[in-house]
There are 2 protein chains.
Amino acid sequence: MESQDLRKAGLKVTLPRLKVLEILENSEQRHLSAEDVYKAMLEMGEEIGLATVYRVLTQFEGAGLVSRLNIDGGHAVFELEDGTHHDHLLCVRCNNIEEFVDEVIEKRQRAIAKDKGFEMTDHSLYIYGICQKCQK
Amino acid sequence: MESQDLRKAGLKVTLPRLKVLEILENSEQRHLSAEDVYKAMLEMGEEIGLATVYRVLTQFEGAGLVSRLNIDGGHAVFELEDGTHHDHLLCVRCNNIEEFVDEVIEKRQRAIAKDKGFEMTDHSLYIYGICQKCQK
DNA sequence: ATATAAATGAAAACTTTTCTCATTTGCATC
DNA sequence: GATGCAAATGAGAAAAGTTTTCATTTATAT
Ligand SMILES: [Mn+2]
Ligand SMILES: [Mn+2]
Ligand SMILES: [Zn+2]
Ligand SMILES: [Zn+2]
């Protein structure tokens, strides 16, 4: 019962919101575009507007329930927030996304920001490549 | 005389191409959007279409004369290619862009890709923050 | 000077995302 | 359970950045 998550986030419990959450939770892929979520909705036989999907995902982001990745070439994907930061490897062939955490890189980033006099607010790191499966 | 650069890249020497190169070379800012280049053109009193600016920049990218950064929020900036890879720090207040190179991070990225079985083709790393000037 | 393949400009199209606004819904109150 | 109202929704328009189309112009080889 994830209605609690919504209430805790100060959001009314509505069908579209529950369904979006459900899709994010039950999807094969952890990383979904708004379009992906929308299509999954339709396949489930749920009526929903694409604008609502975007709105809900953006609200979830604001509420800390999901995080948004801005992939190269301007379209975003969303994933359930799990509280721990991580970065991503993207396969340029099959669009498979893998995750990693690297404390050495995190530390270096902070050092670089400091060195340049920047107050770091965020960072984004994507490694592009061909995944094992696609190499054959 | 940068006509040679164009010929070497297999591109005809045309006025729009020469002018775009000239703007990239002489601009205060090293990182320019297509729109920036376009406006600079008009200010120079040059007739040019925005589509041509995009086309030329994309061709230059293909020819290795410029590189394209895909900044958060889906609009690109371009810079003259100088042969050496570097990453970027972006000020979220004034949009100032600084550059850095960090061999430790580069090495870790290669190690991560290898570890995940990825054949790395590229990476993109942006550190977002508030630059020194904007902190005060 | 001529031919021709490539480049250009203007406008339309496209992609992703946000906004507008009329209608519907969730939820607190009676 | 009915009522009221603010919040949420859906449809479509709009926005922003970029690419495509196509008729016209231009660069370059002959
Ligand atoms: Mn992830
Ligand atoms: Mn740069
Ligand atoms: Zn793959
Ligand atoms: Zn700044």
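Note that these values count all heavy atoms, side chains included, but never hydrogens, waters or copies made by symmetry. Throughout, protein chains are lettered first and strands after them, A, B, ... in sequence-line order, and every chain is numbered starting at 1.
Closest approach to the B/Ala51 side chain among C/dG9, D/dT20, C/dT17 is made by D/dT20 (side chain taken as heavy atoms from C-beta onward). Nearest nucleotide to the side chain of B/Lys12, out of C/dT17, C/dC27, C/dA5: C/dA5. Here D/dT9 is the nucleotide among D/dG17, D/dT9, D/dG10 with the atom lying nearest to any side-chain atom of A/Val56. Checked against D/dT20, D/dT28, C/dT18, the side chain of A/Arg68 finds its nearest nucleotide in C/dT18.
Between the side chain of B/Lys39 and the backbone N or O of B/Ala34 there is no donor-acceptor pair closer than 3.5 Å.
Separating the CD1 atom of A/Ile71 from the C1' atom of C/dT16 is a distance of 13 Å, rounded to the nearest angstrom. Taking atom CE of B/Met41 as the reference point, atom P of C/dG9 lies 8 Å away to the nearest angstrom. Distance, A/Lys19 NZ to C/dT25 P: 16 Å, rounded to whole Å.
If you check every strand for non-hydrogen atoms under 4.0 Å, A/Arg17 touches sugar and phosphate atoms only. Counting non-hydrogen atoms under 4.0 angstrom, A/Glu47 reaches the backbone sugars and phosphates but no base. A/Leu15 comes within 4.0 angstrom of no nucleic acid atom, judged by non-hydrogen atoms across all strands. Across all strands, B/Ala76 comes closer than 4.0 Å only to sugar-phosphate atoms, never to a base (heavy-atom distances).
Side-chain N/O atoms of B/His31 and B/Glu98 include no donor and acceptor closer than 3.5 Å.
Comment: A/Glu119 does not engage A/Lys114 in a salt bridge, judged by the lack of any side-chain N to carboxylate O separation of less than 4.0 angstrom.
Outside the 6.0 Å centre-distance limit, the rings of B/His123 and A/His88 are not counted as a close aromatic pair.
For C/dT18, neither phosphate oxygen OP1 nor OP2 lies less than 4.0 angstrom from any side-chain nitrogen or oxygen of A/Tyr54.
Remark on DNA chain D: of its neighbouring residues A/Arg55 and B/His75, the 5'-side contact belongs to A/Arg55, judged by nearest-heavy-atom nucleotide. Comparing B/Thr14 and B/Phe78, the nucleotide of DNA chain D nearest to each residue sits closer to the 5' end for B/Phe78.
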